[in-house]
Amino acid sequence: MSSLHTGARIVRKSFSKIKDIVPVPNLIEVQSKSFNDFVQLDFLPAERQNIGLEKVFRDIFPIDYGDKMSLGYISYELGAWSCTCGKLTGVAERYAWSCSSCQASGCSRLSDQLECPSCKALTARYKACHNCLSRVGVKLPMTLGECRSSGQTFSMPLKVRLQLTSWDRPEGGERVVRDIKEQEIFFADVPVMADLYEERGQFVLGNLGTFLINGIDRVIVSQLHRSPGVVFSQSKKVKDLHGKPYYLARIIPMRGMWLDFEFDSNDYLYVRVDKKKKIFITTFLQALGVKRDEIIPLFYSFERIVSENGEFYQEVSDRLLGVRLRHGMVDGEGSAVHVGKLITRDTLAWFKKAGKKDNNNQHNQCCADRFIDTWPLNLRQFKAHFF
Ligand SMILES: [Zn+2]
Ligand SMILES: [Zn+2]
């Protein structure tokens with residue numbers, strides 16, 4: 001019979017007849033390793049890999065405000081690092097060392113044998129506070145038990161060191177740095193995986209694999225994430241007054257808000273940011289920095305129409321391809337052949353040829369044929385021009 005100790009007093013006895021062949025693996029190892037990789041708690045900023053929190057900060061910063069200012073990221077510190085009396089603070093003080101043989105000192109992680117990086121003797125020691133003789137470690141305002149009994153969240157403060165650079169740009173010159181300020185700011189209280197413990201001289205989190213939020217144990221459950229991309233769909237449930245379905249487009253970014261594009265019953269195009277109130281797409285585009293006059297050219301090409309002697313002339317171009325020629329749309333010799341037919345490349349070539357013969361008009365433009373058409377705006381008459 002084997003017995004297994006779980007917790008402080010509970011002894012679990014096993015009455016099974018089949019012996020354990022393989023010990024039960026650490027089932028929460030994946031979660032706790034993942035969280036420790038995310039926070040990289042007991043690491044000097046220089047040692048941190050570009051993963052987790054570090055990657056998030058490096059991706060977001062620097063934030064530029066035009067050419068005037070830029071907010072850059074330097075490093076972050078999770079947890080309150082200090083010695084027992086609170087005289088020494090910061091994770092850098094934790095890894096400050098000095099060597100008694102060669103009197104060298106520095107700030108880096110030493111090997112397990114405490115070998116001095118400078119003289120290779122095993123005499124390097126981490127710095128301790130002169131006042132309380134303790135080394136800098138993580139200080140928790142409340143233990144896990146205290147948090148649980150008082151309904152608090154087990155969390156650590158996240159402080160970020162940022163650099164604000166302001167620039168001057170003299171007229172027509174290169175920009176020059178006006179001022180650089182560097183400051184550590186409090187960012188947020190981050191809930192951390194319980195519990196905090198020390199392993200081979202290094203603080204690690206998450207041997208329980210749970211979080212404590214407002215005094216309640218919580219776990220992370222993996223979920224499927226809607227993959228980023230653009231989705232076009234047709235609403236099957238909601239239809240407009242004429243029974244036509246709405247068409248929707250959705251942009252799902254890797255990070256940030258979802259954008260929904262939708263038409264209403266008047267065929268106005270709206271956008272919803274994060275499924276909130278809908279706003280006009282033009283308002284949205286202007287908010288993105290597109291000028292009001294530049295919105296239409298972004299989506300449509302222009303047709304050049306000239307008014308002359310009460311008639312409208314249109315440029316003969318590929319845009320006319322596919323238009324059916326009706327009686328009266330075309331003047332000129334031999335044009336009757338083309339009436340009733342779609343304009344093809346051959347017809348266009350014929351227009352151009354016919355147009356070149358006639359060089360009499362005042363703009364020195366070749367006026368070939370007259371178009372009367374209902375498109376696009378019931379304009380009365382068109383004449384084809386070669387600009
Ligand atoms: Zn101290
Ligand atoms: Zn040394």
Side chain to side chain, [X] and [Y], heavy atoms closer than 4.5 Å:
{"X": "Thr153", "Y": "Leu212", "answer": "no"}
{"X": "Thr165", "Y": "Lys181", "answer": "no"}
{"X": "Leu162", "Y": "Ile74", "answer": "no"}
{"X": "Leu78", "Y": "Val192", "answer": "yes"}
{"X": "Glu115", "Y": "Lys120", "answer": "yes"}
{"X": "Met156", "Y": "Asp189", "answer": "no"}
{"X": "Thr210", "Y": "Ile220", "answer": "no"}
{"X": "Tyr270", "Y": "Phe263", "answer": "no"}

Any chance [atom1] of [X] has more than 12 other-residue heavy atoms, nucleotides or ligands included, within less than 6.0 Å?
{"X": "Tyr65", "atom1": "OH", "result": "no"}
{"X": "Glu174", "atom1": "CD", "result": "no"}
{"X": "Phe186", "atom1": "CZ", "result": "yes"}
{"X": "Ile51", "atom1": "CD1", "result": "yes"}

Do the side chains of Lys278 and Asp264 get close enough for a salt bridge, i.e. N-O under 4.0 angstrom?
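Here Lys278 does not pair with Asp264 in a salt bridge, since their nearest N and O are not under 4.0 Å apart.
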Spacing of [atom1] belonging to [X] relative to [atom2] belonging to [Y], to within rounding of 0.5 Å:
{"X": "Ser70", "Y": "Arg175", "atom1": "OG", "atom2": "CZ", "result": "7.0 Å"}
{"X": "Ser150", "Y": "Asn214", "atom1": "OG", "atom2": "CG", "result": "10.0 Å"}
{"X": "Ser105", "Y": "Lys127", "atom1": "OG", "atom2": "NZ", "result": "8.5 Å"}
{"X": "Thr143", "Y": "Glu146", "atom1": "OG1", "atom2": "CD", "result": "3.5 Å"}
{"X": "Ile252", "Y": "Arg250", "atom1": "CD1", "atom2": "CZ", "result": "6.0 Å"}
{"X": "Asn26", "Y": "Gln31", "atom1": "CG", "atom2": "CD", "result": "11.0 Å"}

When you group the ILVMFWY residues by side-chain heavy-atom contacts below 4.5 Å and let the links chain together, are [Y] and [X] in the same group?
{"X": "Phe232", "Y": "Leu259", "answer": "yes"}
{"X": "Phe284", "Y": "Tyr247", "answer": "no"}
{"X": "Leu269", "Y": "Leu248", "answer": "no"}
{"X": "Ile213", "Y": "Phe38", "answer": "yes"}
{"X": "Leu110", "Y": "Phe43", "answer": "no"}

Using the side chain to side chain contact (heavy atoms under 4.5 Å, CB included) rule, take Trp81 and Val138 through it: C-alpha gap first, then chi angles, then the decisive distance, then the call.
CA-CA 5 Å; Trp81 295 86; Val138 181; 3.2 Å; yes
Taking every non-hydrogen atom, the tightest pair across [X] and [Y]:
{"X": "Ala92", "Y": "Cys107", "value": "O-SG, 3.3 Å"}
{"X": "Val136", "Y": "Gly90", "value": "CG1-O, 3.6 Å"}
{"X": "Phe61", "Y": "Leu71", "value": "CD2-O, 3.3 Å"}
{"X": "Cys147", "Y": "Met142", "value": "SG-CB, 3.7 Å"}
{"X": "Phe35", "Y": "Pro191", "value": "CZ-O, 3.9 Å"}
{"X": "Arg135", "Y": "Tyr95", "value": "NH2-CE2, 3.6 Å"}

Please assess Leu285 against Phe299 for the test side chain to side chain contact (heavy atoms under 4.5 Å, CB included), listing each intermediate value before the final yes or no.
CA-CA 12 Å; Leu285 284 173; Phe299 299 95; 3.9 Å; yes
Judged by atom type as modelled, is there a donor-acceptor pair below 3.5 Å linking the side chain of [X] to the main-chain atoms of [Y]?
{"X": "Ser149", "Y": "Gly145", "value": "yes"}
{"X": "Gln40", "Y": "Gln49", "value": "yes"}
{"X": "Glu47", "Y": "Leu44", "value": "yes"}
{"X": "Gln202", "Y": "Asp42", "value": "yes"}
{"X": "Lys68", "Y": "Ser166", "value": "no"}
{"X": "Ser32", "Y": "Asn207", "value": "no"}
{"X": "Asn36", "Y": "Gly206", "value": "no"}
{"X": "Arg48", "Y": "Tyr76", "value": "yes"}

Parallel, tilted or perpendicular: rings of Phe57 and Tyr73 (30°, 60°)
parallel
Does one side chain, of Ser16 or Ser14, offer a donor that lies under 3.5 Å from an acceptor on the other?
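There is such a pair (donor and acceptor under 3.5 Å, judged by atom type) between the side chains of Ser16 and Ser14.
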Within the 3.5 Å criterion, strictly below it, is a donor on Ser108 or Trp97 matched to an acceptor on the partner's side chain?
yes
Assess whether side chain to side chain contact (heavy atoms under 4.5 Å, CB included) is satisfied between Ser118 and Cys99, documenting all intermediate values.
CA-CA 9 Å; Ser118 143; Cys99 173; over 6 Å; no
Check against salt bridge (charged side-chain N to carboxylate O under 4.0 Å, His left out), Asp217 and Arg148:
CA-CA 8 Å; Asp217 286 271; Arg148 187 174 282 129; 3.0 Å; yes
Steps toward side chain to side chain contact (heavy atoms under 4.5 Å, CB included) verdict (Leu158, Leu53)
CA-CA 10 Å; Leu158 176 67; Leu53 266 178; 4.2 Å; yes
Would Arg109 count as a cation-pi partner of Tyr126, with NZ or CZ less than 6.0 Å from the six-membered ring centre and within 45° of the ring normal?
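The answer is no; the distance or angle limit is not met.
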A cation-pi test, strictly: NZ or CZ of Arg94 under 6.0 Å from the centre of the six-membered ring of Phe203 and no more than 45 degrees from its axis. Yes or no?
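Output no; distance or angle outside limits.
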